[in-house]
Each structure stands twice: as C-alpha cells, then as structure tokens.
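A quick write-up on the structure given underneath.
Here is the naming used below: chain letters follow the sequence lines, and residue numbers restart at 1 for every chain. Below, each value reflects all heavy atoms present in this structure, side chains not excepted, and no hydrogens, waters or symmetry copies.
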4 protein chains.
Amino acid sequence: MPAVNSQPRRARSGNRRDEAARLAVLHAADDLLVEHGFSALTVEAIARRAGVAKQTIYRWWPSKVEILLDTLIEDSEKRLPVPTELPTADSIRTYLRDFAHFLAEDPAGKCLLTLLAEAQHDVATAARFHERYLEPRQIAEREMLTRAAEEGEVSPALGPEATMDALVGPIVYCALTGAAVPEELVDTLVEKLLRPRA
Amino acid sequence: MPAVNSQPRRARSGNRRDEAARLAVLHAADDLLVEHGFSALTVEAIARRAGVAKQTIYRWWPSKVEILLDTLIEDSEKRLPVPTELPTADSIRTYLRDFAHFLAEDPAGKCLLTLLAEAQHDVATAARFHERYLEPRQIAEREMLTRAAEEGEVSPALGPEATMDALVGPIVYCALTGAAVPEELVDTLVEKLLRPRA
Amino acid sequence: MPAVNSQPRRARSGNRRDEAARLAVLHAADDLLVEHGFSALTVEAIARRAGVAKQTIYRWWPSKVEILLDTLIEDSEKRLPVPTELPTADSIRTYLRDFAHFLAEDPAGKCLLTLLAEAQHDVATAARFHERYLEPRQIAEREMLTRAAEEGEVSPALGPEATMDALVGPIVYCALTGAAVPEELVDTLVEKLLRPRA
Amino acid sequence: MPAVNSQPRRARSGNRRDEAARLAVLHAADDLLVEHGFSALTVEAIARRAGVAKQTIYRWWPSKVEILLDTLIEDSEKRLPVPTELPTADSIRTYLRDFAHFLAEDPAGKCLLTLLAEAQHDVATAARFHERYLEPRQIAEREMLTRAAEEGEVSPALGPEATMDALVGPIVYCALTGAAVPEELVDTLVEKLLRPRA
DNA sequence: ACGTAAGCGAGACGGTACGTCTGGTCTTTCT
DNA sequence: AGAAAGACCAGACGTACCGTCTCGCTTACGT
C-alpha cells in the first residue's frame with residue numbers, strides 16, 4: 001500500500017497543507033467503511049491504509065466523524081445535487097429515486113447512513129452532522145418544494161418540512177433496514193402528497 | 001452502589017441462573033444508555049453499575065447488543081403492542097402516534113433507535129436485530145394492515161409492506177433526526193395512504 | 001517469541017499476581033538493556049519481548065526504572081552480597097574485585113550503571129535509586145568496614161563513608177568510562193587506605 | 001522569549017553561519033539542562049527557547065549531545081584547565097578540588113555529568129564523548145602527573161592512568177550520587193597515592 | 001447431611017485503539 | 001544560501017475496554 005507518493009504537495013496556495021495526504025485519508029476512510037464497516041474504521045487503520053502518520057490526521061480532523069463528513073459533503077454535492085432551480089414534480093421524483101439509489105449503492109451513501117447512526121450514539125456527532133450536512137440539505141430541499149409549489153408544479157398536502165419528512169423518511173427507513181425501495185412507493189408518495197399538476 | 005444483594009436467587013426453577021443479577025444487568029444497561037449514551041455503554045461500565053462481575057455478563061449474553069435486545073423486546077411487547085385484533089383506521093392511527101411517542105420518550109425507544117443505529121455499524125448486530133425484533137414486528141404490522149383491509153376498514157394504495165414503510169418511515173426518520181412528529185403528518189399519511197372508510 | 005507459556009500461574013499464594021509474567025518482564029527488560037541499550041528499553045518493547053500486555057507492566061510497575069531496580073536488587077543480593085559477617089581485609093578486597101567484575105560482566109551490572117546514569121537525567125529516578133538500592137547497600141558496606149576496623153582487621157585512614165567512596169569510586173568510574181579495573185588498583189587502594197593488619 | 005535577533009549576522013567571515021543563532025542554541029541548551037534536567041532537553045525545546053528553527057539546529061549539530069559537548073569543551077577549557085606546566089602536589093590537589101567544585105556547582109559540570117550518563121545509554125554518545133572530551137583531558141592529566149613525577153614533586157604508587165582513576169574516580173562518584181566531596185578525602189588520596197615530596 | 005458442581009464477585013491476563021508527544025526529515029517562503 | 005516556520009512519517013507514551021481466564025466463596029441439588 002504505497003498510497004500517497006510523488007504527487008506534488010501543496011496544491012493549494014496560501015497554506016502548507018498536503019493535499020495528497022488529505023485525499024489519501026478521505027479515500028482510505030471511505031474504503032475502510034465500505035469494505036469492513038464502521039467498527040474497522042479506527043484512526044490507526046485509516047492512517048495505515050492511507051500511508052499517513054496518525055498525527056497528520058489529528059492535525060486536520062478533530063475526529064473520524066469529521067473525516068466522514070468531509071467525504072459525505074464533497075460527494076453528495078457532486079453526485080446528488082438538490083434541484084432548486086425550476087423544480088418540477090418530475091425532477092423531484094427523480095431526485096428521490098436518485099437519493100434511494102445513492103443510499104443503496106454509493107460509498108458516500110454508506111457514509112450518510114453511518115453518520116446518521118453514529119449521531120444516535122454520540123451527541124457531539126449529532127450536532128456536527130446536523131450543522132454541516134443535514135440542515136443545509138433540508139433547507140435546500142424545502143426551498144425546492146416551496147418553489148415548485150409557487151410555480152404551481154405541485155400542491156403539497158402538508159407544509160414543506162413535514163412533506164419532505166414524509167417523502168424522505170420511507171427511503172431512509174428502507175435503507176436502514178436493508179430493504180430496497182420499491183418504485184411505486186416513490187411514485188405513490190409523490191402522487192398522493194405532492195398532487196402534481198395534470 | 002451496593003446493587004443487587006439479598007434478594008432470593010434462583011427465581012426460575014430448572015437452572016441456577018441468578019434472576020437478581022439478570023435484572024440488575026438489564027436495568028444498568030438501560031440506565032447507562034439513557035444517562036450517558038451508547039458510547040458509555042461498555043460491558044465494564046454495565047458490570048460496575050450492576051454490581052456484577054464481567055464474567056456473569058459474558059456467561060449469559062454474547063454481547064451488549066443482546067442485552068439491549070432483551071430490554072427492547074420485553075418493553076415494546078408490554079408498552080407498544082401491535083393491534084392485530086380487529087384493527088381499524090383509528091387504532092392504526094393511534095398505534096402510529098404511540099409509536100412516535102415511544103421513540104421520543106420511552107427509554108426502550110432510545111434502545112430501539114440505538115439498535116437500529118448499531119445495526120448500521122455491525123452486520124452481526126443487524127442480523128440479530130432483524131431476527132429478534134424487526135421482522136416479528138413487521139410481520140405483525142403487516143398482518144394488522146391486511147386484516148384491516150379485509151374488513152374494509154382501510155383501502156391502502158400500496159401493498160402492506162410498502163404501506164407500512166411509508167407510514168413508519170417518516171416517524172423513525174423524525175426520531176433519528178431529533179425532530180418531533182407533527183400530528184397532521186400522521187393524520188395525512190393515514191388519510192392519503194390508507195384511505196379509511198367514510 | 002512465545003515467551004511465557006505453560007508454567008503454572010499464581011505461584012505465590014495469597015494474591016493473584018502472575019509470577020510467570022513478572023519474571024518474563026524482568027528478563028525481557030534485562031535482555032533488551034544488554035542487547036540494544038537503554039534507548040531500546042521502551043515499555044512497548046519490553047511487553048513485546050516478554051509476550052505480555054502493556055497494561056500488565058503498568059499494573060505492577062510505575063515506570064521502567066522500577067523494573068530495572070527490581071532486577072538489580074534481586075540479582076545483586078544474590079550475586080554480590082556484602083560480606084558483613086566477620087569481614088577481613090581479604091574479604092573486602094575480594095568484594096571489590098567481584099564488584100568490578102559485576103559491573104563489567106554481569107547483566108545486572110549494566111543495570112546498575114544504567115540506573116546511575118538515568119538518575120542524572122531524572123530526579124525521581126535518583127530518589128528511587130538511592131532509596132531502594134544505593135543507601136541500603138552503602139549502609140551495609142559501611143557496617144562491613146566498621147566491623148572490620150573494630151576487629152582490628154583494618155585501620156582505615158578516613159571515616160567509613162569517605163573510605164568506601166575512595167574504594168568504590170574508582171571502580172565505578174572505570175566502568176563508566178569503559179575501562180578495565182587493573183588488579184593493582186584495587187590492591188593498592190586496599191593497602192594504602194585500609195592498612196590491613198600485618 | 002524574543003531570543004536572538006538584531007545582532008549582526010555573519011560574524012565570522014568565510015561562511016554564512018549565523019553566530020548569534022549558534023550562541024543562542026548553546027545557551028538555550030545549557031539553561032534548559034540546568035533548569036529542567038536532561039529529560040526536558042529536547043531539540044524542539046531548545047529551538048523554542050533559542051527562538052530558532054529546528055532545522056537550524058539539525059543543520060549544524062548532528063544531535064543534542066554535540067551541543068552539550070560544544071558547551072562542555074568551551075567551558076571546561078576556560079574554567080578548569082589542566083595544570084600541565086610545572087605541576088606540583090599542591091597544584092594537583094587544587095585541580096582536584098576545583099574539579100569537585102566544578103562538578104557540583106558549575107553548569108558545565110552538570111553538562112559533564114549528563115554526558116557521562118548519556119554515554120551509558122547510547123554507544124554513539126559514548127564514542128563522541130570519549131573522542132572529543134574524555135580522552136584529550138585524560139591525556140593532559142596523565143601528562144601532568146608524569147611531569148610532576150619527573151620533577152620529583154610526587155612519587156605515585158601506581159601508573160599515571162590508574163593513579164588518575166583513583167584520584168578522579170571518587171570525586172566523580174560522589175558527584176553522581178549527589179554527595180559532597182569531603183576535603184580530607186582529596187587530601188588523603190593525594191597524600192597516600194601521590195606521596196608528595198617532603 | 002453432605003459433597004459436588006454451578007453461579008457468582010473479583011480482578012489479572014494478552015490484546016487493540018485511543019489521543020498526545022517528540023524525533024528527525026523535508027518543503028516552502030522570506031531575507 | 002541560510003533561517004524561520006511548520007507539515008510530514010514514525011513510533012512510544014500511559015489509559016480504557018475488550019473478551020478470556022482463574023480464583024475462592026456461596027448456594028442448591030442429588031445422592
């Protein structure tokens with residue numbers, strides 16, 4: 001596992017952080033999580049796998065939870081953007097399906113489930129998870145819904161917060177219990193709770 | 001913490017298990033979980049708090065997860081029975097509201113959330129959690145739904161499995177994110193997804 | 001390095017300390033010291049070599065210095081007893097020669113030099129070294145000298161303390177500088193400073 | 001601790017070594033040794049105290065031992081010269097007394113004891129200590145003794161090497177054990193081992 | 001009724017990971 | 001090119017739990 005070598009250090013100007021080491025840590029953490037589960041995700045194992053000293057990890061991340069948060073945020077912004085511009089019933093339905101797929105298949109989806117789980121075990125994790133991931137995303141989702149309603153694309157039966165919980169909740173619950181999300185579940189939820197135009 | 005002593009041992013006939021120790025362990029585990037969270041729930045801490053030797057715990061439970069499962073099963077059968085006899089839309093709505101309350105307030109609800117979380121971290125936990133708690137309960141819930149449909153009390157828009165996921169999912173999701181479940185959320189879900197008679 | 005196995009634990013009655021582990025630690029420490037020097041004498045290395053958990057070492061010894069002290073005291077009592085019963089000029093000369101040999105050849109001699117050195121670096125070590133080894137031995141040596149003088153075997157030119165320093169000092173100094181102690185050095189010191197009978 | 005700045009750099013011509021930094025390092029090392037002992041004498045601490053970068057130290061000294069050697073050699077040449085010109089019993093006695101005083105009181109004496117101690121822990125230190133300090137000084141001391149014998153000032157009972165060990169050994173030993181050197185010890189040793197004229 | 005076998009509190013054991021500290025190297029930036 | 005700054009890999013520190021084990025005690029059962 002030679003890991004990091006021979007890339008140029010200091011990709012970013014203005015500080016001296018080793019970008020290669022940063023990426024090696026993020027990838028090592030994600031790989032370990034997917035391959036061996038959260039219990040194998042020790043700081044020592046990450047350091048070993050990334051070819052990095054433990055101190056390098058502690059210098060930049062206060063805990064392994066923040067490593068996962070970094071991975072999750074970067075990846076979910078990239079691969080699961082919230083469609084806030086001109087959202088339609090169709091684009092919302094697609095977003096929900098993509099979300100189900102993200103949770104089931106994407107390494108970052110595993111990351112999200114793990115953080116949601118760890119947040120149950122530890123209040124500090126819960127706070128950081130809400131602050132850095134959950135609330136920003138919920139805000140974007142509610143904005144999406146509000147805008148779609150304003151445009152007349154949908155007529156939700158509940159407020160944006162409760163509606164999103166009703167749409168997202170079943171998908172997350174299925175992922176947590178290891179069940180697949182049936183297509184008609186998403187369709188029916190959209191149909192009944194959003195009541196799309198025409 | 002003098003703990004357990006001076007109660008009569010051997011409540012059950014046929015073996016020599018010390019019932020006082022068993023209860024002390026279950027209560028210690030639950031107390032620790034509620035007071036200090038899962039991360040404080042170590043076997044050593046349980047033993048310390050229960051006034052019991054570590055070996056006594058390992059003799060009867062293969063892991064601390066099984067301790068929580070024991071607690072959860074006993075308490076949820078007692079305090080949150082599934083209304084399988086002559087279920088109506090009303091009794092289902094009540095069950096869902098009770099479930100939300102159970103998750104938010106009852107120590108055993110904390111237990112359930114913790115186990116659901118730990119199941120994300122560890123496959124063995126996931127297997128045992130499904131086997132001992134989740135599947136039996138899901139079977140009972142689906143039976144409740146099927147019976148209610150047969151009696152004409154409700155006309156679900158989806159199959160029993162997907163319907164239950166759609167009803168329970170949002171409640172669990174709210175509990176996991178620390179949010180309260182709004183009353184109208186349950187009402188609307190029942191209304192739209194179960195379409196109760198009259 | 002299988003180390004400890006298959007001896008009966010709990011050799012001593014009355015407590016539960018594992019005598020096999022204790023000896024394994026003492027020997028491992030001594031071996032490491034002789035083979036690789038003090039800088040290789042880390043608690044982790046001792047534990048590794050002894051086939052023992054680090055915690056076992058910390059349970060019984062507050063620092064590695066105490067491990068060396070245990071070794072030194074046991075071995076020097078066994079292999080270099082102070083001849084306090086009816087000492088003569090001859091037995092004192094022999095004791096000094098044995099002492100030179102002990103410092104140069106015996107693993108426990110290396111131990112003594114190391115502790116004397118470490119006592120220069122660390123005041124806590126100095127205190128414990130004096131308390132547990134140096135002062136008891138100096139008392140015994142002065143008693144030896146005093147008794148020999150009372151019996152008329154020797155007529156020291158100085159008080160017992162200064163005389164012992166003058167006799168032992170050169171031997172220790174030679175050992176510290178890696179020089180051999182010439183035979184006639186000991187002989188001359190005894191002759192000139194103790195002025196033995198006839 | 002603003003440390004070094006604003007003196008003129010490049011005091012020596014011909015290279016670009018910063019003399020101010022050099023002195024700052026030597027003084028910082030000595031101060032730390034005297035104030036907090038050898039265990040506090042880390043390269044990082046020296047750099048911090050001297051207001052100098054770690055790399056500056058590693059550029060000019062292969063190890064902290066060489067820093068101490070530099071200090072020791074400069075100071076002991078200055079404050080404890082070996083009286084090789086026309087030595088007498090008196091000057092030798094004075095030298096020995098000064099030596100005892102140097103070990104007990106002078107910061108550089110602490111330095112010498114520390115190096116002698118560290119030489120027990122590390123063979124590389126032992127080699128450099130002998131090469132740079134101990135052997136040159138022993139050669140000078142033996143020359144002093146030989147010349148004094150040639151001049152008829154003293155008639156040593158042993159060869160110069162063994163005699164010096166017999167004289168210096170007790171002084172060093174007392175310093176190592178934290179004991180004061182009694183006046184009559186030096187006097188008696190000179191009297192008995194050197195047998196001065198008249 | 002009495003020996004025996006099991007459960008018990010206690011806690012030592014070999015391990016693994018924790019988060020911190022320092023060592024010695026290397027790179028960047030400034031002077 | 002030297003120096004300050006400080007990130008980097010490496011690995012020891014002392015602590016907390018893990019799950020296993022042995023010990024000596026108490027207690028109920030089966031002769």
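Remark: D:Arg59 is not in phosphate contact with F:dG2, judged by side-chain N or O atoms under 4.0 Å from OP1 or OP2. Between B:Trp60 and E:dG7, a side-chain N or O to OP1/OP2 separation shorter than 4.0 Å is absent. Listed pair B:Arg17 / E:dG7 fails the phosphate criterion, with no side-chain N or O lying under 4.0 Å from OP1 or OP2. For F:dC9, one of the phosphate oxygens OP1 or OP2 lies less than 4.0 angstrom from a side-chain nitrogen or oxygen of A:Thr56.
Partners of D:Asp30 by salt bridge (Lys or Arg N to Asp or Glu O under 4.0 Å), not counting sequence neighbours: none found. By the salt bridge (Lys or Arg N to Asp or Glu O under 4.0 Å) test, B:Glu44 pairs with B:Lys54, sequence neighbours left out.
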Query raised in the report: What does nucleotides 15-20 of chain F look like as a protein-contact string, B for base, S for sugar-phosphate only, - for none, at under 4.0 angstrom between heavy atoms?
Result: BBSBBB
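You'll find the side chain of C:Phe38 stays beyond 4.5 Å of the side chain of D:Asp122, heavy atoms only. Between D:Leu68 and D:Tyr133 there is no side-chain heavy-atom pair separated by less than 4.5 Å.
Across F:dC9, E:dG15, F:dG24, the shortest atom-to-atom separation from the side chain of C:Arg16 is found for F:dG24.
Going from atom CD1 of D:Ile46 over to atom P of F:dA4 covers 14 Å, rounded to whole Å. Summarising the geometry, the separation between NE2 on C:His36 and P on F:dA12 is reported as 13 Å, rounded to the nearest angstrom. Computed from coordinates, the A:Glu66 CD to E:dG19 P distance equals 13 Å when rounded to whole Å. Distance, C:Glu19 CD to F:dT22 P: 18 Å, rounded to whole Å. For the pair B:Arg22 CZ and E:dA6 C1', the computed distance is 19 Å after rounding to whole Å. The separation between C:Ile57 atom CD1 and E:dG14 atom P is 9 Å, rounded to whole Å. Taking atom CG of residue A:Asp18 and atom P of nucleotide F:dA10, one finds them 13 Å apart after rounding to whole Å. If you take CG of C:Leu32 and P of F:dA12, they are 12 Å apart, rounded to a whole angstrom.
A cation-pi arrangement is absent between C:Arg16 and C:Trp60 under the rule of less than 6.0 angstrom and at most 45 degrees off the ring axis.
A donor-acceptor pair is defined here as one N or O able to donate and one able to accept, closer than 3.5 Å; no such pair exists between the side chain of A:Thr56 and the backbone of A:Val52. With C:Thr125 contributing its side chain and C:His121 its backbone, the two residues share no donor-acceptor pair below 3.5 Å.
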